[in-house]
**Q** 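Just dropping this structure here.
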Amino acid sequence: MRRVVRILQSIVLVLGLCGAGRAADVAVGTATARPGERATGYIRVPAGVDPAADIPVIVINGAKPGPVLALVAGAHGTEYASIVALEKLAQSADPSGLSGTLIVVPLLNVASFLQKVPHLNPVDGKNMNRLYPGKPDGTQTERVSWAITRQVVEKCDYLIDYHGGDLDENLRPYSYWADTGNDRLDTTSRGMVLAFGLDRIIIQRNRPSDPVPSATTITRQAQISGKPSIAVEAGYAGTTKAEDVDALVRGTLNVMRHLKMLPGVVTPVEHPLWIGRYSVVTSDRDGIFYPLVVPEAYVKQGMKIGYLTDFFGEKVWDVTAPVSGVVLYIGAVPSMKKGDNIAYIGEIVDTP
Ligand SMILES: [Zn+2]
């Protein structure tokens, strides 16, 4: 009997050695892709206190082994340029020429997309990029976040989160790089963000001395799990302009080259503008908003960036820049509700 066990152990060992260095099947949700193949399926989130959700996922498993890169868009389901970019990228990615695996989640917040509701998941009224790691027994946004943490964040080695100006936001493309204080993580994610190539980079200071939030963004959740991650934004106000979609596709391919998932050389962005911090200007009342500046404009502290009228057309408030810096985004539509964001003003620093 002991001999039989030993023989079986040898067979398992030999099979194991044969498998070493070879790509393996990758399963995410109902999608299982063999090496050199792609598979589509759903990350199924069961019903709880509110309805179930099916999140589409595309797994592109390279013919050669390599890292697992997760690409996630559509947490805000009306930030269309980022969603279209990942659809396009997933269609064109060729598993036969790929080293490693892409897990592509092009549309996280399906209800937001279908119902054309910006910022939130209309099912439970929550922001789908603030509640990671989520909860298995929460409302839909929390259950989706929980499933994505298990199925995507924990299965990947690197992660990119895609956003853009929402239906009501006028925005110029930029990316986020987090300074977490973990050298290995920060050096790797810095390489990723420079390879991506957007020339405006906001620095997030997610230092370990900060209290770890109980609910956070997907990129910070990835960082907490030791996975280098960046966020990128392009597109605005419902548009899907080629220049924005192409910037996101090109940037992703460059990160894949940087991570040796694709052959080729990357030229990282040479002189990015590092934004040390940004100030959010919010509205202190309901009204009709008229912008006076566009994204990319440099403004001085106290300068007028827009104004609000009441519903009789009377000017009731001059909106001014709280700091000097560059306008990253500004309200794109007249609707303005008390507490809504009006603008982000970024403060430029010399180096990260
Ligand atoms: Zn967003």
Side-chain angles (χ1 to χ4, degrees), residues 53 55-56 70-87 89 104-132 134 140-142 144-145 148-149 152-153 159-178 193 196 198 200-202 204 206 213 215-223 229-241 244-245 247-249 251-252 275 278 280-282 295 327-333 335 339-344 346:
I55 317 295
L71 312 174
V72 180
H76 304 129
T78 46
E79 294 176 355
Y80 297 120
S82 57
I83 296 162
V84 169
L86 283 198
E87 297 286 349
L89 191 110
V104 186
V105 181
L107 177 55
L108 197 57
N109 193 344
V110 180
S112 153
F113 177 86
L114 291 177
Q115 298 178 38
K116 306 180 192 77
V117 173
H119 307 299
L120 304 171
N121 175 0
V123 174
D124 58 10
K126 293 178 181 170
N127 185 331
M128 254 193 177
N129 194 30
R130 294 291 181 280
L131 295 173
Y132 286 91
Q140 193 187 75
T141 295
E142 292 161 320
V144 167
S145 302
I148 296 296
T149 299
V152 178
V153 176
L159 185 140
I160 307 176
D161 184 27
Y162 296 74
H163 291 262
D166 216 321
L167 286 179
D168 56 347
E169 295 170 349
N170 190 5
L171 171 146
R172 68 99 63 218
Y174 57 84
S175 48
Y176 288 95
W177 170 75
V193 85
F196 200 96
L198 300 179
R200 303 284 186 272
I201 305 173
I202 296 177
Q204 297 170 306
N206 298 343
T216 189
T217 61
I218 191 169
T219 48
R220 186 143 192 213
Q221 183 61 38
Q223 289 150 19
S229 63
I230 58 170
V232 296
E233 304 223 23
Y236 57 92
T239 57
T240 56
K241 291 192 174 170
D244 292 320
V245 173
L248 295 176
V249 172
T252 309
I275 312 289
Y278 61 89
V280 183
V281 184
T282 55
V327 176
L328 296 169
Y329 95 71
I330 186 147
V333 297
S335 305
D340 278 355
N341 289 347
I342 294 177
Y344 276 14

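For ligands, and for the atoms within them, numbers begin at 1 and follow the listed sequence.
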**Q** Indicate the atoms forming the closest heavy-atom contact of Val123 with Ala111, along with that distance.
**A**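 Smallest interatomic distance, heavy atoms only, reads CG2-CB, 3.9 Å.
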
**Q** How far does OH of Tyr132 sit from CE of Met128, to the nearest 0.5 angstrom?
**A**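 Atom-to-atom, Tyr132:OH and Met128:CE are 7.5 Å apart.
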
**Q** Please name the residue in the list Asp124, Asn127, Asn109 that meets the side chain to side chain donor-acceptor pair (under 3.5 Å) test with Thr141.
**A**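 Going through the options one by one, the only one that passes is Asp124.
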
**Q** Taking backbone and side chain together, does Glu233 place any N/O/S atom at a distance below 2.8 Å from the Zn ion (ligand 1)?
**A**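 It does not: Glu233 brings no N, O or S atom closer than 2.8 Å to the Zn ion (ligand 1).
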
**Q** Do Asp161 and Thr219 have a side chain donor and acceptor closer than 3.5 Å?
**A**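 No.
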
**Q** Output the atom name for the N/O/S atom of His163 with the smallest distance to the Zn ion (ligand 1).
**A**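 Looking at His163, the N, O or S atom with the least distance to the Zn ion (ligand 1) is ND1.
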
**Q** What's the atom name of the N, O or S in His76 nearest to the Zn ion (ligand 1)?
**A**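 When I compare the N, O and S atoms of His76, ND1 is nearest to the Zn ion (ligand 1).
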
